[in-house]
Asker: 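Have a look at this one before I ask anything.
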Amino acid sequence: MVYFCIMNYPQIHDKWRKFWQDNNINKFNPNDKGKKYYTLEMLPYPSGASLHLGHFFNFAPSDTHARFKRMCGFNVFHPMGFDSFGLPSENHALKTNTHPEDNTNKNIEKFISQLEQLGGMYDWDYSFSTHDVDYYKWTQWLFIELFNCGLAYQKDAAVNWCGDCQTVLSNEQSQGGVCERCDSEVERKQMKQWFFKITDYAEELLKGLDKIDWPNKTKAMQRNWIGKSEGAIITYPTNACDIQVFTTRVDTIFGATFIVIAPEHPIVQKVTTKDRKPDVDAYISAAAKKSDIERMENHEKTGVFTGGYAINPASNLPVPIYVADYVLYTYGTGAVMGVPGHDARDHEFATKYGIEIKKVIQNNDTNEFTEEYGTLINSNQYNGLSSEVALKTITNDLKKKKLGFLKTTYRLRDWSIGRQRYWGVPIPIVYCDKCGVVPVPMSDLPVTLPYLQDFKPRGNAPLSNDENFVNCKCPTCGINAKHETETMDTFVCSSWYFLRYMFAKRDDVAFDVEMTNKWLPVDKYIGGAEHSCGHLLYSRFITKVLKKLGHVKFDEPFSSLVHQGMILAPDGQKMSKSKNNTISPDKYIEEFGSDILRLYMLFGFNYIDGGPWNDGTLRTITKFPERVMRLIEKIGTDKETDNNVQHVRATTIKAVREDLDSFSFNTAVARCMEFANAITGAKIVSRESVRDLVLLLAPMIPHIAEELYSKIYPNKIQSIFNQKFPKPIAKHLEKSTIEIVVQINSKIKERITIKTDATQDEVMKLCANILEGQTPKKVIYVQNKLINFII
RNA sequence: GCGGAUGUGGCGAAAUUGGCAGACGCGCUGGACUUAGAAUCCAGUGGGCAACCGUGGGGGUUCAAGUCCCUCCAUCCGCACCA
């Protein structure tokens, strides 16, 4: 289908992009006047050959917001970069039989040209890719900062291993037991690994959520991921040793009729009696083989009796000790007290293995115990206490006997950051036989990633095959030593990048402290919700560490966060290559230019929700800028004289300002259309009204708005982005008369026009004939809205 | 199981503090201009002939409920044997 266009959109785009470039319109200077405004989109992985529709839906509306802020007088910093290290780029390179470096550089070039086509207000002097040596040198610096204060450490631990990617993954990258990148099942593997001690910041990460303007969902996800729970650690003595259990329900301790220990727990060996040992050993080795997925899928509880008993410290009764894989070794103490009377899982287990079930908590509604508790000793003194008070009282009593104490635990685990892969930042550590683990000194950074021909992952770090890289001198004592050959998780690269943009070209510091404290935190951060428990958590952690180390003064990186919705295929399904329902932005840009694509994205969806793609709406939206063009051609006077247009003009300006500020782009476009309708309806088209309309549209259709603006003022050559965003004229916001609704018994009877801000008496006089002589029992009057007579 | 959402015309969607439901646009219908219309302009467009009825269902509060409360249903997303 060919549409007749009065404007050659693609040509307009090229023309104004060149104009911006020639006149440095997008240049950023941190010292310019205007209040600072730092707005940022999550930096893209340049792993694919070109930007996809999702990128556009992220970047184009964000750019509209940035341009709006600029026209409002802010000094707007809106940089863009590329998250070029890591599995996505490397896996793509492996698949396409290219080298990640060549491939990545090529992709970045293409990305930049597309971002330019999109009309993004980027100053490329403030840009980098995370695989640039000048950038990752400072990622290594960051690692050493963490290492020096004990937050980067090595330990032998069970880690998530992806067999397909041949590398360790963090918990965040293997949620649900599946590799985030390739969807294959993750195994558990015991190995020595580098970690960042994010758990030290669990409480701060939790508390910080209260003071940032983020979507509730994201905060809830982080809270859930951190998983704070307050409870107590109770000691259950046995003949062999003490068993510590963690519980949030100390108040149910009199109902604890057994103990369960996780199969991996070393204490199992101690408490197991000799005659039962074979059973237990067999069970443990079987449990160890189970993958997380099997564990998750199989919710039926299995376990085995160890033969041993522990003493319930509250009742002094002996309770049997079981090993069962429904208890997680990595959470709490790896052992729990089984309270089948009050916990569904314990109940299921106790029923299966014939363990005694006791109920000990009063039922608040009936004030009766629902089952017998006759065997309990000493429990009466706790009856009637709330769970919270009982917890404190009982814990205090146990504390006196040195059998328990209050304890807060978190689900959050330390962040495993070492990767047995090639395409990442080399960890700047040297192993010396004499000095041990030595951080590479600042003066020796960067530890450069060599260009390896063979970087295929085979389980060990590819860098370990490069002798030139491995062999080095110990920075401390000078003897022959070896470099660490693992690289860092790509999320380390992206955990601090927002600090670097402004200093992208500085090679003496990672970032300038004074300027950073002036420009950060980021005012508006925009990106997908999928990073809630990864990147967004890591960035907060690193920021808090940097604050503690005195490098920055703020402790949250992103004061306000927006997640864009997802654009779905026309059938409402997620777009995916395998379903063959993807839509490429390129053909639309070629045909209409990026502004039309942008306008459609702004108008056709609620930004936060997203929704299915509709080709028809995109095509018909091309008509709107042409309508504005026709209005310009009809300009007959400079000043606006039409009262209605004046009113619509003022209210539109006010509404659009609010809408663009709050990412309500679809209504902003709608307001502009209403304004255009009002101008169309007037007897004569005024230059100043059309000018305001085009100014309002400028952030949304930057290239076309420049063209329209140049038609309004054909004798001046100036960028619309150096003009001020319109402000509403106060006196035109209010109309002198207003229509209000007259209701009788809450049903609408009539609409009357009356002067604005009329009093109830004035309105009632006008309503006399509507009431037809009836006297209302009650009158509700809402000024400028309605009057309701109850008869 | 826990947590977060969402549910409004034929379609995409609007609707501060409860105050004219469906703005704006698409589509559709009719008209104008046209050799023509898939361009443009004008008019109409939730349902119903009406009284009335309409925001997932059912209750409730209120003069007034898409909006607040209770309850149920459906869909989506995240986490999940977290003691």
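First the proteins, then the strands, lettered A, B, ... as listed; each starts at 1. Side chains are part of it too, since the values below use all heavy atoms of this structure and drop only hydrogens, waters and symmetry mates.
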Asker: Can you check whether G604(A)'s main-chain N or O pairs, donor with acceptor, with T617(A)'s side chain at less than 3.5 Å?
Answerer: no
Asker: Looking only at atom C1', what distance separates G78(B) and G22(B), rounded to whole Å?
Answerer: 32 Å
Asker: Quick one about T759(A) and E762(A) (side-chain donor to acceptor, distance below 3.5 Å, no hydrogens or angles considered), yes or no?
Answerer: yes
Asker: Can a side-chain donor-acceptor contact be found between N666(A) and N606(A) if the only test is distance below 3.5 angstrom?
Answerer: no
Asker: Counting the benzene-type ring for Trp, do Y588(A) and W613(A) have ring centres under 6.0 Å apart?
Answerer: yes
Asker: If we call it a pair only when both distances are under 3.5 Å in a Watson-Crick or G-U wobble match, what pairs with A80(B)?
Answerer: none
Asker: Looking across every strand, which nucleic acid part, if any, lies under 4.0 Å from I780(A) by heavy atom: base, sugar-phosphate, or nothing?
Answerer: base
Asker: Across all strands shown, which nucleotide pairs with G27(B) by Watson-Crick or G-U wobble geometry, both distances under 3.5 Å?
Answerer: U45(B)
Asker: How is G303(A) classified with respect to the nucleic acid when contacts are heavy atoms under 4.0 Å: base, sugar-phosphate, or nothing?
Answerer: nothing
Asker: So among I621(A), D595(A), T620(A), which one has a side chain to side chain contact (heavy atoms under 4.5 Å, CB included) with Y600(A)?
Answerer: I621(A)
Asker: Which value, rounded to the nearest 0.5 Å, describes the distance between Y525(A) atom OH and H535(A) atom NE2?
Answerer: 2.5 Å
Asker: What's the gap between G59(B) and C73(B) when it is taken at their C1' atoms, as a whole Å value?
Answerer: 15 Å
Asker: Check every strand shown and say whether G604(A) touches a base, only sugar-phosphate, or nothing at a heavy-atom separation below 4.0 Å.
Answerer: sugar-phosphate
Asker: Do the side chain of N788(A) and the base of C63(B) come within less than 3.5 angstrom through a donor-acceptor pair of N or O atoms?
Answerer: yes
Asker: In whole Å, what is the span from the CD1 atom of I790(A) to the P atom of U62(B)?
Answerer: 13 Å
Asker: In B/S/- notation, 5' to 3', how is nucleotides 21-26 of chain B contacted by protein heavy atoms closer than 4.0 Å?
Answerer: S-BBSS
Asker: Does the side chain of Y236(A) pick up a donor-acceptor pair with the side chain of Q244(A) at under 3.5 Å?
Answerer: no
Asker: Could you check which of C79(B), G19(B), A14(B) has an atom nearest any side-chain atom of N606(A)?
Answerer: A14(B)
Asker: Does a side chain donor of either R413(A) or T199(A) reach within less than 3.5 Å of an acceptor in the other side chain?
Answerer: no
Asker: Considering every strand and a 4.0 Å limit on heavy-atom distances, what is the contact class for N216(A): base, sugar-phosphate, or nothing?
Answerer: sugar-phosphate
Asker: Using the test ring-ring contact (aromatic ring centres under 6.0 Å, His included), find all partners of F665(A) that sit at least two apart in sequence or belong to another chain.
Answerer: Y607(A), F663(A)
Asker: Send over the distance from D659(A) CG to A15(B) C1', rounded to a whole Å.
Answerer: 12 Å
Asker: Please confirm whether the shortest side-chain N or O distance from Y331(A) to OP1 or OP2 of A83(B) is below 4.0 Å.
Answerer: yes
Asker: Rounded to whole angstrom, note down the P distance from G54(B) over to G47(B).
Answerer: 16 Å
Asker: Roughly how many Å is it from CD1 in I738(A) to C1' in G19(B), rounded to a whole number?
Answerer: 13 Å
Asker: Would you state whether a donor and an acceptor, one from the side chain of K778(A) and one from the base of C63(B), lie under 3.5 Å apart?
Answerer: no
Asker: Do E172(A) and Y538(A) pair up side chain to side chain, a donor and an acceptor below 3.5 Å, judged on atom types alone?
Answerer: yes
Asker: Could you tell me how far apart R413(A) (CZ) and A80(B) (P) are, to the nearest whole angstrom?
Answerer: 12 Å
Asker: Take atom CE of M601(A) and atom C1' of A13(B), then tell me their distance rounded to the nearest Å.
Answerer: 17 Å
Asker: How about Y9(A) and T622(A): does a side-chain donor come under 3.5 Å of a side-chain acceptor?
Answerer: no
Asker: Rounded to whole angstrom, note down the P distance from G56(B) over to U67(B).
Answerer: 8 Å
Asker: Calculate the interatomic distance between E658(A) atom CD and A15(B) atom C1'; express it in whole Å.
Answerer: 14 Å
Asker: Between A14(B) atom C1' and F665(A) atom CZ, what is the distance in whole Å?
Answerer: 17 Å
Asker: Rounding to the closest angstrom, what is the interatomic distance between G3(B) and C72(B) at atom P?
Answerer: 14 Å
Asker: With rounding to the closest Å, how many angstrom separate the P atoms on G7(B) and G57(B)?
Answerer: 13 Å
Asker: Return the value, rounded to whole Å, for the distance between atom CZ of F663(A) and atom C1' of A14(B).
Answerer: 20 Å
Asker: Could you write out each protein N or O paired with an N or O of nucleotides 75-77 of chain B at a distance under 3.5 Å?
Answerer:
{"residue": "C77(B)", "atom": "O2'", "partner": "K217(A)", "partner atom": "NZ", "Å": "3.2"}

